[in-house]
Amino acid sequence: MDQTLDFGLGENADMIRDVTRRFASEQIAPLAAKIDAEDWFPTELWPQMGELGLHGITVGEEDGGLGLGYLEHVIACEEVSRASASIGLSYGAHSNLCVNQIRRWANAQQKAKYLPKLISGEHVGSLAMSEAGAGSDVVGMKLRADEVQGGYVLNGTKFWITNAAYADTLVVYAKTGEGSRGITTFIIEKDMPGFSIGQKIDKMGMRGSPTAELVFDDCEVPEENVMGPLNGGVGVLMSGLDYERTVLAGIQLGIMQACLDVVVPYVRERKQFGQPIGSFQLMQAKVADMYVALQSARAYTYAVARNCDEGKTTRFDAAGAILLASESAVKVANEAIQALGGAGYTKDWPVERYARDAKLLDIGAGTNEIRRMLIGRELIGAGS
């Protein structure tokens, strides 16, 4: 089932959707069950996606990208995630959290060095902010970067890092001072002395999107790998959160569409009491609720993405879009299991995977509790 409402997103958005949907359907969807079952990250997809320009959607043409916007990026993430949310998550971490932050904050030399191979898909990108004891509390991070002649030495760990084990280039935040004005952003290469991958994390869902610990043991980082202003890392990080939340909301849109892709044909064909179960009003209501949840989340997410492109988005609306998309996806995936009954609870059908995958973004990119706190605080503060 494809969307029926024309959101009027424009020619570029429609083109990105068509190209990505075709690729995802032909190249990603056939691998999705294996990716999940074996916790397998198919690196061969990365250069294929690079050939389509998907890694550099928001990067200017002068730097080798497509020069498009966050709206197109959301749609690409949605269509990839419709085929495999695991690949969608890794794609979002690569193309938005890593590539887009380098696009926005790196100097000309850094862009010239790192963007070409990230955009082509020859290299995999990652971003590392979270630690075992510092998730929502960014300023509580412990990874230290001490200045030495010619650069910095990093000591500490990062945790919950998407793409970590396969990443060639990582955007990493570390303490260079105290408090919120004592964090700096670094570009780390996988072969830097003193940098290694620690514990690999076995997750409930999003299997095949690799998550691991990063270990810095006297890791030597040259001065030219500081990205953005010294001690200005919180500004770099926070400036990217709205875009991260908006783009990653596309993952949940893809999951909801995937649920409908399974449920609608199933209820047409599955018979009980001599007729298709889709002829029963309770089942029709269930499908209607799933569809409305998807389209509502799409409308909000697309609107926020457009505002991102126009420089007009609000922090609470970016949080609101992923809050709505995430909670809706969890509900829709659970309803998809219910619609299939016993079949939905088996590994023979993909809806149980959709439910496991959907749950991640209730937690990742800022928990729903943090999103609600942010929205409430901003609205009450704005109105007082």
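What's counted below: heavy atoms across the whole structure, side chains too, no hydrogens, waters or symmetry copies. Only a predicted model underlies this, so the values are computations on that prediction, with no experimental measurement involved.
Applying the salt bridge (Lys or Arg N to Asp or Glu O under 4.0 Å) definition to pairs two or more places apart or across chains, those involving residues 194-208 are Asp202-Arg207. Under the side-chain hydrogen bond (donor to acceptor under 3.5 Å, both in side chains) criterion, the residue pairs touching residues 146-155 are Arg144-Asp146, Asn155-Asp218, with sequence neighbours excluded.
For Asp63 (side chain) and Lys111 (main-chain N/O), no donor-acceptor pair under 3.5 Å exists by modelled atom type. Remark: side-chain polar atoms of Asp36 are not paired, donor with acceptor, to backbone N or O of Ala32 under 3.5 angstrom. Checked by atom type and distance alone, the side chain of Asp217 never pairs as donor or acceptor with a backbone atom of Gly194 at under 3.5 Å. Judged purely by atom type and a 3.5 angstrom limit, Arg245 uses its side chain to pair as donor or acceptor with the backbone of Ala365. Side-chain atoms of Glu131 come within 3.5 Å of backbone N or O of Lys142 as a donor-acceptor pair. For Glu310 (side chain) and Asn307 (main-chain N/O), no donor-acceptor pair under 3.5 Å exists by modelled atom type.
With rounding to the nearest 0.5 Å, the separation of CZ in Phe41 from OG1 in Thr211 is 10.5 Å. Distance OH/Tyr354 to CG/Asp261: 7.0 Å, rounded to 0.5 Å. Here Asn100 contributes atom CG and His94 contributes atom NE2; the two are 11.5 Å apart, rounded to the nearest 0.5 Å. In this structure, CD1 in Ile255 is found 5.5 Å from CG in Asp357, a value given to the nearest 0.5 Å. Leu374 contributes atom CG, which lies 10.5 Å from atom CZ of Arg371 (distance to the nearest 0.5 angstrom). To the nearest 0.5 angstrom, Gln257 atom CD is 9.0 Å from Tyr291 atom OH.
Leu68 and Leu253 fall within the same hydrophobic cluster, defined by Ile, Leu, Val, Met, Phe, Trp and Tyr side-chain heavy atoms under 4.5 Å apart, directly or through other members. Note: the hydrophobic cluster containing Ile183 does not contain Val153 (ILVMFWY, side chain heavy atoms under 4.5 Å, direct or indirect links). By the criterion of side-chain heavy atoms lying less than 4.5 angstrom apart, applied directly or through intervening Ile, Leu, Val, Met, Phe, Trp or Tyr residues, Leu294 is grouped together with Val263 in one hydrophobic cluster.
Inter-residue side-chain proximity for Asn163 and Leu97 is flagged as unmet; no heavy-atom pair is nearer than 4.5 Å. By the 4.5 Å heavy-atom criterion applied to side chains, Leu89 and Ile251 are counted as neighbours.
Aromatic ring centres of Tyr166 and Trp46: separated by at least 6.0 Å.
No salt bridge links Glu78 with Arg82; every basic N to acidic carboxylate O contact stays at or beyond 4.0 Å.
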For residues 223-236, please give each side-chain donor-acceptor pair under 3.5 Å, one per line with the distance, not counting sequence neighbours.
residue: Asn225; atom: ND2; partner: Tyr114; partner atom: OH; Å: 2.9
residue: Asn225; atom: ND2; partner: Ile187; partner atom: O; Å: 2.7
residue: Asn231; atom: OD1; partner: Thr176; partner atom: OG1; Å: 2.5

Expected list for residues 321-345: side-chain donor-acceptor pairs under 3.5 angstrom, two or more places apart:
residue: Ser326; atom: OG; partner: Gln252; partner atom: NE2; Å: 3.4
residue: Ser326; atom: OG; partner: Leu361; partner atom: O; Å: 2.9
residue: Ser326; atom: OG; partner: Asp362; partner atom: N; Å: 3.0
residue: Ser326; atom: OG; partner: Asp362; partner atom: OD1; Å: 2.6
residue: Glu327; atom: OE1; partner: Arg372; partner atom: NH2; Å: 2.9
residue: Glu327; atom: OE2; partner: Asn368; partner atom: ND2; Å: 3.4
residue: Glu327; atom: OE2; partner: Arg372; partner atom: NH1; Å: 2.9
residue: Glu327; atom: OE2; partner: Arg372; partner atom: NH2; Å: 3.2
residue: Ser328; atom: OG; partner: Leu324; partner atom: O; Å: 2.7
residue: Asn334; atom: ND2; partner: Val330; partner atom: O; Å: 3.3
residue: Glu335; atom: OE1; partner: Lys286; partner atom: NZ; Å: 2.9

Give every donor-acceptor pair under 3.5 Å between a side-chain atom in residues 118-127 and any protein atom, sequence neighbours left out.
residue: Ser120; atom: OG; partner: Pro116; partner atom: O; Å: 3.3
residue: Ser120; atom: OG; partner: Lys117; partner atom: O; Å: 3.1
residue: Ser120; atom: OG; partner: Glu122; partner atom: N; Å: 3.1
residue: Ser126; atom: OG; partner: Thr162; partner atom: O; Å: 2.7

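Residues passing the ring pair (Phe, Tyr, Trp, His ring centres under 6.0 Å) test with Phe23: none are found, sequence neighbours excluded.
The environment of CD in Glu44 is crowded: more than 12 heavy-atom neighbours from other residues, nucleotides or ligands sit within 6.0 Å.
The shortest heavy-atom contact between Pro350 and Val262 is CG-CG2, 3.9 Å. Looking at every heavy atom in both residues, Phe7 comes nearest to Arg306 through O-NH1, 3.9 Å. Here the closest non-hydrogen pair linking Ala164 and Leu214 is CB-CD2, 3.6 Å.
Looking at Tyr300 and Asp317, their side chains do bring a donor and an acceptor atom within 3.5 Å of each other.
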